[in-house]
Amino acid sequence: MAMSTWTDERIEELKRLWSESLTGSEIAKRLGLKDRNAVMGKIHRLGLARKNFATEVQAPANDSKPAEPEEPLHPILLLKEWSCRFPVGDPLGREFRFCCAKRQPGLPYCEAHARIAYTPMERSARAARR
DNA sequence: CCCTGATTCGC
DNA sequence: GCGAATCAGG
């Protein structure tokens with residue numbers, strides 16, 4: 001039987017998983033596909049665009065996302081369980097805040113900040129260890 | 001270098 | 001129509 005064909009059942013599954021905010025890679029794994037290329041290709045072909053905001057689709061549409069607050073707010077009050085803890089600005093300044101984007105499960109930061117926060121440390125640690 | 005979705009383009 | 005490769009971003 002042809003494995004890599006989009007049957008109605010598979011398209012339904014694709015739509016369901018995609019609507020549940022699963023990533024292309026996760027959907028590909030569940031469908032037994034090698035990577036997300038087939039998934040994303042089909043998504044685009046079906047006219048399903050999760051979000052039209054270019055490629056920044058890391059946070060699945062949350063209510064509050066204070067990317068740039070008008071005025072300095074008490075940062076701790078904005079932090080939720082899902083909030084990225086990445087500090088933005090001068091910690092002693094008035095405009096200090098946290099990223100507050102949806103953080104990664106098991107990590108204190110969102111995906112982007114987790115990466116930039118940890119990568120230099122790992123490199124330094126390896127260099128120092130030698 | 002890891003990841004994300006979006007798009008292109010040969011098949 | 002399909003998806004590998006590529007693009008653009010974090």
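Lettering of chains follows the sequences in order, A, B, ..., and the numbering in each one begins at 1.
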Legend entry - Nucleotide nearest K42(A) when distance is taken to its side chain, options dG5(B), dC2(C), dA4(C): dC2(C)

For nucleotides 7-11 of chain B, give me every protein contact, N/O to N/O, under 3.5 Å, one pair per line with atom names.
unit_1: dT7(B); atom_1: OP2; unit_2: H44(A); atom_2: NE2; d: 2.3

Legend entry - Counterpart residues, side-chain contact (heavy atoms from CB on, under 4.5 Å), relative to K15(A) (two or more places apart): I11(A), L46(A), L48(A)

Inset, instruction - Could you check how far CG of L46(A) sits from P of dG5(B), rounded to whole Å? - result: 15 Å

Inset, instruction - Could you tell me the separation between the CG atom of L17(A) and the NZ atom of K29(A), rounded to the nearest 0.5 Å? - result: 14.0 Å

Inset, instruction - Select one nucleotide: of dA4(C), dT4(B), dG3(C), the one nearest the side-chain heavy atoms of K34(A). - result: dA4(C)

Inset, instruction - Return the value, rounded to whole Å, for the distance between atom CZ of R45(A) and atom P of dG5(B). - result: 16 Å

Legend entry - Nearest-angstrom distance from the residue atom CZ of R36(A) to P of dC7(C): 14 Å

Legend entry - Side-chain N or O of S25(A) closer than 4.0 Å to phosphate OP1/OP2 of dC3(B): no

Inset, instruction - Starting at atom CG of L22(A), determine the distance to atom C1' of dC3(B), rounded to an integer number of angstrom. - result: 15 Å

Legend entry - Residues that E26(A) engages under salt bridge (charged side-chain N to carboxylate O under 4.0 Å, His left out), provided they are two or more places apart: none

Inset, instruction - Find the distance I27(A):CD1 to dT4(B):C1' and express it as a whole number of Å. - result: 12 Å

Legend entry - Under the side chain to side chain donor-acceptor pair (under 3.5 Å) test, residues paired with R45(A) that sit two or more places apart: none

Inset, instruction - State which residues pass salt bridge (charged side-chain N to carboxylate O under 4.0 Å, His left out) with R30(A); sequence neighbours excluded, sorted by chain then number. - result: none

Inset, instruction - Supply the atom-to-atom distance I43(A) CD1 to R36(A) CZ, rounded to the nearest 0.5 angstrom. - result: 13.0 Å

Legend entry - Closest contact, heavy atoms only, D35(A) versus A28(A): O-CB, 3.1 Å

Legend entry - Nearest-Å distance for atom pair CG/C1', residues L48(A) and dG1(C): 15 Å

Legend entry - Gap between atoms CG and C1', on D35(A) and dA6(B) respectively (whole Å): 15 Å

Inset, instruction - Using a cut-off of strictly less than 4.0 Å, decide whether W18(A) has a side-chain nitrogen or oxygen near OP1 or OP2 of dG5(B). - result: no

